[in-house]
Amino acid sequence: MIIAIDGYSSTGKSTFAKLIAARLGLIYLDSGAIYRTVTLFALQSGYITGNVIDNEALKQDIDSGKMKISYSMDNPEGRAEICLNGVNVESRIRLLDVSDNVSPIATIPFVRNFVDSLLRGYGPQGVVMDGRDIGTAVFPEADLKIFMVADAKIRAQRRVDQLVAKGEKADFDEIYRNVLERDYIDSHREMNPLRQAEDAVVLDNSYVSVEQQMIWIGWVLKAKLDIDF
Ligand code: DC
């Protein structure tokens, strides 16, 4: 079974997807984390200067296998955490330097092809995957597609709260600008932009708690796939 959860940034896709995966015994995969890890690699390699990305150097490193992405299970909850060349970068990729540069990296076709083939490899195991184009491009045949939306200011505040909880600095205005900018880039890029699949079910969780979302998904799974949740 493949459940695709797409939507705007900071709509709570990963929280929602993780809970569904745990309840259904499926793997959870965060496709955005892979784009973030590619971005971190490009930053650390000096391939991003202002708005300019050295596409050729990045492509060479991806093609030659110099950039290795893997998963570690070395955490108390047994969650899969993403590693770049053997180093766990699950927290590092959430910092603002990566957030600021990830959308342009995610517009590059060879990056998208690399990430898509990595993601498709997990399909046969049964997966709940979140991202921007999972239901439209990565798994257009997914059993269930959810499209998540929420008010942009509420999303910015959620991101501030997450950073503060981790002891990071967080400026609301800067983060709000980042949210709007990422929405624009994500939905206007040429290759596989963020858009709602025709057969997706929309969830606006601006004013909806996680508990209420779990009740909602129970109804959707029953109605669409006859699954008791
Ligand atoms: O979900 P996130 O904010 O961690 O995603 C980071 C970026 O990755 C986001 O700005 C767009 C990109 N992305 C994408 O283009 N396609 C996906 N399937 C997932 C993420």
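These numbers were taken from a predicted model, which means no experiment stands behind them. Every number for a ligand or one of its atoms is a count from 1 in the order of the listing.
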Q: Do other residues, nucleotides or ligands put more than 12 heavy atoms under 6.0 Å from the CZ atom of Phe229?
A: yes
Q: Regarding ligand 1, does Arg132 bring an N or O atom to under 3.5 Å of one of the ligand's N or O atoms?
A: yes
Q: Quick check for you: to the nearest 0.5 Å, what is the distance between Arg132 atom CZ and Asp186 atom CG?
A: 4.5 Å
Q: Can you report which non-hydrogen protein atom sits closest to atom 12 (C) of ligand 1, along with the distance?
A: Ala106 CB, 3.7 Å
Q: Taking NZ in Lys59 as the centre, count heavy atoms belonging to other residues, nucleotides or ligands within less than 6.0 Å. Is the count above 12?
A: no
Q: Under a 4.5 Å cut-off applied to non-hydrogen side-chain atoms, are Tyr8 and Val179 in contact?
A: no
Q: For atom 15 (O) of ligand 1, tell me which residue out of Arg112, Met191, Met129, Arg182 has the closest non-hydrogen atom.
A: Arg112
Q: Provide, to 0.1 Å, the distance between atom 10 (O) of ligand 1 and the closest protein heavy atom, together with that atom's residue and name.
A: Ser103 OG, 2.9 Å
Q: Taking the six-membered ring of Tyr176 (Phe, Tyr or Trp), confirm whether the NZ or CZ of Lys153 is under 6.0 Å from its centre and within 45° of its axis.
A: yes
Q: Do other residues, nucleotides or ligands put more than 12 heavy atoms under 6.0 Å from Glu198 CD?
A: no
Q: Starting from atom 11 (C) of ligand 1, what is the nearest protein heavy atom, named by residue and atom, and what distance separates them?
A: Asp186 OD1, 3.2 Å
Q: Tell me if the NZ atom of Lys66 is crowded by more than 12 foreign heavy atoms within 6.0 Å.
A: no
Q: Give me the residue, atom name and distance of the protein heavy atom closest to atom 8 (O) of ligand 1.
A: Tyr35 CB, 3.6 Å
Q: Check each atom of ligand 1 against the heavy atoms of Val102 and keep those under 4.0 Å away; list them by number with element.
A: 6 (C), 7 (C), 8 (O), 10 (O)
Q: If I apply the N/O under 3.5 Å rule, does Ser31 come out as touching ligand 1?
A: yes
Q: Give yes or no for whether the N/O distance cutoff of 3.5 Å, strictly under, is met between Asp133 and ligand 1.
A: yes
Q: Which residue and atom name correspond to the protein heavy atom nearest atom 4 (O) of ligand 1, and how close is it?
A: Arg36 NE, 2.7 Å
